[in-house]
Amino acid sequence: MSPAEPLRPHPAGPLTAPDGGRFPGSADDVRLDGLLARAAALHPERPALAAAGESWTYAEVERGVETLAGQLTAAGVVPGDRVGVYAPKSAAAVLAIYAALRAGAVVAPLDPADPPARTARMARAAGLSVLLTPDRSLPAGRSAAAEAAEGAETTEGTLDHGLNWLRLRVGADRPAPLPAPTDRGGYILFTSGSTGWPKGVLLSHANVAHFALWAAAELGLRETDRVGSQASLTFDLTTFDLFSTASAGACAVLMPDLLRAFPRDVVGWLREHRITVFYAVPSLYHGMLQRGGIAEEGLPPSLRVAAFAGEPFVPQLLEKYLGLMGERIPFYNLYGPTETNVCTYLRVPPDWRAGQELSVGRPIAGDVVEVLDEDGRPTDGEGEIHVAGPTVFQGYLQQGELRDPTRTVPFRDGTVRRAYATGDLGRIDDQNRVLLRGRRDSQVKRRGHRIDLLDVESAVLDLPQVATAAVVAKEGAHRGEIWAYVQSRGAALTARTLLTELRAALPQRMLPDRVIPVAALPLTARGKVDRLALSTRAPDLPHTDQTIDQRAGRTTDRTTDTEEISA
Amino acid sequence: MNSVEDLCTLISSKITWGRGEDPQQLTADTPLLEMGLLDSLAIMEIVSALDKEHGLALPDGEVVAANFRTPKALWTLIENLPAGAAK
């Protein structure tokens, strides 16, 4: 690449809504709930939302949101309040998100499948003052609210659509208002932190809208599209499902949570609901091809564009998909941590082959990406990927306070920009595309979820029975699995009891795949825990008390008190 | 694998039970999916254990939510597997 040019979008078209209409050049003033209002004005009778056998037009959703927002205001929600939507994926959850945005709140989708203790930590980290929750999640919501309020009294009331509000903080107990632009609302998605406390990623309306409008334009969304929404609302993929869809006046079709674990059902659901646009993690695409029937029966005939993000695609399976899609169905590789939304993209060439390296492509319109070496200088070699531009978040919410980790960084064109250091290592190839090369910290991806190993480790260390522990990502035969090596405090500690305790602290997706009780952790020559040795250690090697079986002349495992089970 | 109780034992062994949850509670009618007891990994482990430990190969097309709703639903499927499926 030219040394004078930082990595800019290409081709850099102006950012416009698909109809070429109201958002020339910039998403700066776009509100996410405004996308809904606009679609309701342009396409009042078109379907906006379909879920659980029911369907709502844009006019109906807009009316429901307007009423619900009025009820929230009446219940005391003011602009800038941070409001959690604690609900399984459902039409009511979508209405609650839009209504809270309409009321000027900063909205945090929360998953009732997570342990209430974890949800309470999220609520405290983000400074949430209200939870919105449907009747069926109310008992769990109350216990999360009570824990988050730390003994302070909580109040509650009912809303339309089977929803309830739970207030955790009142008056002086409310956290200090957020700075502009999030004093008028925004979006919070949580990410695994290294301390056992999830971090709230604070995004402005414009941060999300910029991505949503770009994606709608790039993927060519139109009002006749039916966008299949499969991920949890806590997952950043769903900002596309909700807001890109609304910007195009298309229909968001919510897949029931129960189907996600069954690739055969997912494929059947895509066919039955005539889904035209689908965005998912590679793990789900892998399952749909290997066990979902796509290999035998082909792609759902309605599908016309698809995208993936979140983790590497298995090359052979990707090649197979490209063969099925041909020139007819564009398949996009999108990249970006939650902190930057999607910041680069690649339309995977239909003739891509498994032996070739797959890049994550070029920056989306408006964003600029730079790779900096260890001294903070732009490099053509490997370095840390930095992202600047309108999709970059406002900062983390921790203990209720906003902390902005971005730095001003000189890019290779001499311009100094506010940039987020992603922690992803990579380089820029001669086609101006970004190639990923792993992480510089303890984060891993498992089934598309970003997990900080230190977050899991700190949950293990928090257990009173544990003396010390190391949580590592395995290499070799168990590559991709997360194992916890645990030394207990005196009394016998089984893997099973430990997993049982962890269930109360961590979401299922973050549980270790295996827990291995050990007599001691291996140390490096410098006396630090030898994580590399643990991550490469084979499971059948001794791990409690290594002895040499003299008769057989080989190493055996004397692990009478060791129980090894899978999560 | 002679009864739905045996199947409950197998399923129970693949679930990571939380505090206050009793693995013995698992009955033929426990709504496994509604209660969020099974994730995709647990499902794959159950399918694999039925195959490897009991010689019951579930066809891919039968690994669907309807058959995993309760232990009873899965047991009905197993009982109706064509003879060829049991190795």
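Lettering of chains follows the sequences in order, A, B, ..., and the numbering in each one begins at 1.
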Exercise for review: Specify the closest pair of heavy atoms between Gln290(A) and Asp60(B), including all atoms of both residues, with the distance to one decimal.
Suggested key: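 Between these two residues, the closest heavy atoms are O-OD2, 3.8 Å.
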Is the count of non-hydrogen atoms from other residues, nucleotides or ligands lying under 6.0 Å from [X] atom [atom1] greater than 12?
X	atom1	answer
Arg69(B)	CZ	no
Met44(B)	CE	no
Lys445(A)	NZ	yes
Glu34(B)	CD	no

Distance check, rounded to the nearest 0.5 Å: [X] atom [atom1] versus [Y] atom [atom2]?
X	Y	atom1	atom2	value
Leu32(B)	Leu258(A)	CG	CG	11.0 Å
Ile15(B)	Arg503(A)	CD1	CZ	9.0 Å
Arg447(A)	Ser40(B)	CZ	OG	5.0 Å

Exercise for review: Kindly indicate whether the side chain of Phe262(A), heavy atoms from C-beta on, has any atom under 4.5 Å from the side chain of Leu38(B).
Suggested key: no
Check your understanding: Would you say the side chain of Arg264(A) lies within less than 4.5 Å of the side chain of Val64(B), judging by non-hydrogen atoms?
Key -> yes
Point to revise | Contacting region of Ile43(B) [heavy-atom separation from chain A under 4.5 Å] | key: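 Side chain only.
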Check your understanding: Relative to chain B, which of Ser283(A), Pro263(A), Ala261(A), Gly287(A) shows the most heavy atom pairs under 4.5 Å?
Key -> Ala261(A)
